[in-house]
Structures are given as C-alpha cells and as structure tokens.
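What follows is one structure encoded as structure tokens, with my remarks underneath.
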Amino acid sequence: MEKVILLRFGEIYLKGKNRFSFEKQLLDNIELALRGLKHRLARMHGRYLIENLDPNDVTEAELRIKKVFGLISYSEALKMPTDLEAMKRECLAYLPESGTFRFTVNRADKKFPLNSQQIAMELGGAALAYNPALKVDLFSPDKEVFVDVREEGYSFVFADKVPCAGGMPVGCSGKGVVLLSGGIDSPVAAYRMAKRGLKMYGVHFHSFPYTSPMAKQKVVDLAKILSEYQGGFLLYVVSFTEIQQQIHEHCPEEYMITIMRRIMMRIAERIAIKEGCGSITTGESLAQVASQTQESIRVTNETVMELPVFRPLIGMDKEEIIATAREIGTFDKSIEPYEDCCTVFLPKYPVIKPKPELIRAAESKIDYEALIDAAMGSTEVIKL
Ligand code: ATP
Ligand code: MG
C-alpha cells in the first residue's frame with residue numbers, strides 16, 4: 001500500500017493539435033517542480049500519477065504541485081491491491097465521523113467479479129456496519145469517496161480534490177519580459193502572465209546608492225517567490241542611477257517619471273529581444289497614479305517599437321490586486337518599506353496628461369541612446 005498523488009489537467013487542452021506540446025511541457029514542468037524529491041511520474045488515463053514518493057515528502061510534493069500551471073486539481077490517493085476486504089477496511093479512513101457519504105466506483109478491470117455498483121454497495125454496507133452514525137446520500141453527500149479499480153491488479157482510493165493553479169503550462173506561450181519593481185503590482189502581473197503559459201524574465205531598475213542594497217534584495221526575494229511558479233527565474237538588474245541623474249538635471253521636473261518610464265521600456269525591449277522574449281509586461285493599472293493615465297500610457301507605449309506590451313492588471317482595483325498578491329505569497333515581501341528607484345528625485349506634481357511633443361523636446365536634452373547602451377553594458381543577471 002502506498003500514498004500516491006493523482007494529478008488532473010484541463011480537458012480542454014486535450015483537443016486539437018497543441019495537445020502533444022501541451023502535455024510535454026506540463027510533464028517537464030511537473031518534473032522540474034519535483035526536482036530533488038525521489039519520485040516516479042506516470043501518465044494514467046487522462047491523468048498523471050506521482051508514485052514512489054518518500055512518505056515524508058508527500059506534503060512538500062503537494063505544495064509544489066499546487067504551483068504548476070496547467071494542473072486543475074490533485075488528490076492524495078491510496079494505491080492498494082484490488083482486494084475487496086482490504087478495501088472495505090481502508091475506505092473507512094476516508095469517511096467522516098457522521099453525516100452522509102457515497103462511494104463512487106470506476107471499474108476499469110472488467111475481470112473483477114463485481115461491477116462498479118456492486119463494489120460501491122459492498123463498501124457502503126461495510127461502512128454503515130462499522131459506523132451507524134453515517135448515512136448514504138447519492139445526490140449531495142457530505143463526503144464522496146472515489147474508488148478506481150485498475151486493470152493491473154491494484155486500485156486507488158481517494159476523496160478530496162484539492163484545487164491547483166489552473167492556467168496553461170509555463171512555456172506553452174513562449175517567453176516574456178516583466179518590468180519587476182519591488183511593489184505589489186508587478187509581481188502579480190508576472191504571475192498572471194506566467195499563468196497564461198509565458199515563461200517570465202524580470203527586468204529591475206535600481207538606483208544605487210540612492211536606493212539601498214536591501215531594496216534590490218527585496219526584488220530578488222520576490223523573483224525567488226515567482227520562480228516557484230515557473231521552475232526558475234532570470235532577473236536582469238539594471239543600474240538606473242546615471243539615467244535618473246541626467247533626467248533630473250536636464251528635463252522638466254514634472255516630466256521626470258514619464259521620461260523614466262519611456263527609458264525603462266526601451267531597455268526592457270532590448271533585453272526582451274536579446275533573450276528571445278516576445279512581449280513586455282508591466283504592473284500598470286488604469287488611473288492608479290499619474291503615470292497610469294491613458295495619456296501617460298500612450299507616451300510610454302510609443303517607445304516600444306516591436307513587441308506587444310501586456311498590462312494584465314489594467315482593469316483591476318488595488319484591492320483585487322492585493323488579494324492575488326496574498327494568494328500567491330508576494331504581498332508580505334512587497335510591503336517591506338524599502339524605497340524604489342521611482343521615488344528618488346520624485347517630482348511633487350508629476351504630469352498627468354503628458355504632451356508627446358513636450359516629452360520629445362525634454363528627452364532631446366539628454367543622450368538617452370548612449371545612456372541606454374551604458375546601462376545595458378552594466379546589467380547584472382541573477383539566476384533564481
Ligand atoms: P508596483 O506595485 O508594481 O511597483 P506601482 O503601483 O508602484 O506598481 P508604478 O511605480 O507607477 O506603479 O510602476 C508601474 C509599473 O512600472 C510597475 O508595475 C512595474 O511594472 C514598472 N516599474 C516601476 N518601477 C520599476 C523598477 N524600479 N524596475 C522595474 N520596473 C518598474
Ligand atoms: Mg512601483
């Protein structure tokens with residue numbers, strides 16, 4: 001007898017031409033998530049099965065599985081020889097103390113002398129004899145216990161289906177860059193795009209010594225949390241100090257943030273193209289701050305020449321974003337109080353409706369191409 005984990009994935013992806021690559025990617029990602037734990041991963045009738053786990057590793061394996069996009073749910077199951085008397089005994093552990101239950105039996109092994117309904121009745125009868133406080137309810141039981149009688153002489157018993165992350169296997173949609181700040185929003189944006197199958201690469205701008213090493217470490221820590229959802233994470237840390245100083249010296253104060261954003265986008269696109277990434281993601285949400293108005297977004301967007309820009313949070317309220325940040329485990333890290341580079345030299349009144357022609361005039365005061373080249377040259381890559 002052995003504790004195993006049954007994994008389910010979205011039926012919808014089983015259809016069509018993408019099925020093979022979807023499954024291959026999902027299997028690779030599950031293997032990656034289970035790295036370091038002894039196990040065997042097998043495919044079984046439209047599901048996957050994790051066997052050969054050390055009993056002490058089952059909980060850890062489940063925690064990791066919950067973060068693999070493309071899986072819908074899992075169940076901890078007992079794999080046991082198909083022996084009716086033994087099954088009667090083992091099934092008791094899956095039933096509540098009182099209340100209603102039902103057994104749902106699937107019999108793949110047609111050589112087994114009882115059919116699925118007869119097996120269910122045998123098991124149910126044994127349960128009622130053992131605990132008279134229980135009642136059978138076939139329609140809306142408090143607890144449904146599943147028994148899957150396989151052809152190979154063994155059966156699975158399981159009850160609860162624990163929801164997994166859903167989405168598409170990371171990698172199915174290619175690779176993308178995310179502008180990762182230390183705030184609440186951008187880690188959530190990265191998560192949402194990874195959930196749609198994009199393997200995310202982070203780009204973070206820091207302004208050492210104006211921002212502290214702790215501010216950078218916070219982003220590294222966030223990247224580490226995100227790495228658990230996609231089997232690793234590459235973070236590009238770009239020094240923004242010189243760029244910010246130049247903007248501060250030569251450009252009108254109220255345009256500072258807008259010009260910073262435009263330069264961030266240009267650098268992000270360069271890194272994206274270098275890494276073979278097909279998109280840029282940000283954590284912007286409409287009207288959240290001055291740099292997130294339609295007019296501001298228009299002028300930051302226009303600096304991106306080739307790639308689409310994704311803003312998965314554009315229509316979300318802060319409360320909704322926070323709820324997701326809590327769920328995925330980034331919130332507590334994001335609210336640590338280290339300053340972001342955007343707060344250095346912060347203008348009192350940032351422009352809310354920037355005018356494209358004014359921006360171009362302001363930008364022409366600095367040699368931003370040379371600044372971008374220099375920033376690209378000093379980029380640090382951190383592998384998580
Ligand atoms: P966040 O919570 O993600 O920091 P925010 O509400 O603070 O977002 P802004 O500071 O206006 O919003 O930033 C908008 C977006 O620009 C961020 O979501 C992020 O994608 C990107 N961004 C901002 N600062 C940085 C940074 N220092 N490095 C990388 N990207 C950044
Ligand atoms: Mg921010």
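Below, each value reflects all heavy atoms present in this structure, side chains not excepted, and no hydrogens, waters or symmetry copies. Keep in mind the model is a prediction, meaning the values are calculated, not measured. For ligands, and for the atoms within them, numbers begin at 1 and follow the listed sequence.
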TODO: Taking only heavy atoms of Val203 into account, list the atoms of ligand 1 that are under 4.0 Å away from them.
DONE: 29 (C)
Open item on the list: Can you check which of Met265, Lys318, Arg261 brings a heavy atom nearest to atom 13 (O) of ligand 1?
Closed with: Arg261
Open item on the list: Heavy-atom distances under 4.0 Å decide this one: backbone, side chain, both or neither, for Gln288 against ligand 1?
Closed with: side chain
Task: N or O pair under 3.5 Å between Thr282 and ligand 1 - done: no
Task: Mode of Leu180 contact toward ligand 1 - side chain, backbone, both, neither (heavy atoms, under 4.0 Å) - done: backbone
Task: Under 3.5 Å: N/O of Gly182 near N/O of ligand 1 - done: no
Task: Lys NZ or Arg CZ of Arg326 over Phe331 ring: under 6.0 Å, within 45° - done: yes
Open item on the list: Geometry only, no angles: is Thr281 polar-contacting ligand 1 at N/O separations under 3.5 Å?
Closed with: no
Open item on the list: According to side-chain contact (heavy atoms from CB on, under 4.5 Å), who are the partners of Lys88, at least two apart in sequence or on a separate chain?
Closed with: Leu84, Glu85, Glu122, Leu123, Ala126
Open item on the list: Looking at Arg270 and Asp373, is there a salt bridge between them, counting it only when a charged N and a carboxylate O are closer than 4.0 Å?
Closed with: yes
TODO: Would you tell me whether Ser239 and Ser378 have side-chain atoms, one donor and one acceptor, within less than 3.5 Å of each other?
DONE: no
Open item on the list: Distance under 4.0 Å to a non-hydrogen atom of Leu179: what atoms of ligand 1 satisfy this?
Closed with: 19 (C), 20 (O), 21 (C), 29 (C), 30 (N)
Open item on the list: Is the ring pair Tyr191/Tyr229 parallel, tilted or perpendicular, if the boundaries are 30 and 60 degrees?
Closed with: perpendicular
Task: Polar atom proximity, Ile184 to ligand 1 (N or O, under 3.5 Å) - done: yes
Task: Geometric N/O contact Pro187 with ligand 1, under 3.5 angstrom - done: no
Task: Given Leu41, Ile5, Val4, the one that forms side chain to side chain contact (heavy atoms under 4.5 Å, CB included) with Leu49 - done: Val4
TODO: Check the angle between the aromatic planes of His204 and His206 and answer parallel, tilted or perpendicular using the 30° and 60° thresholds.
DONE: parallel
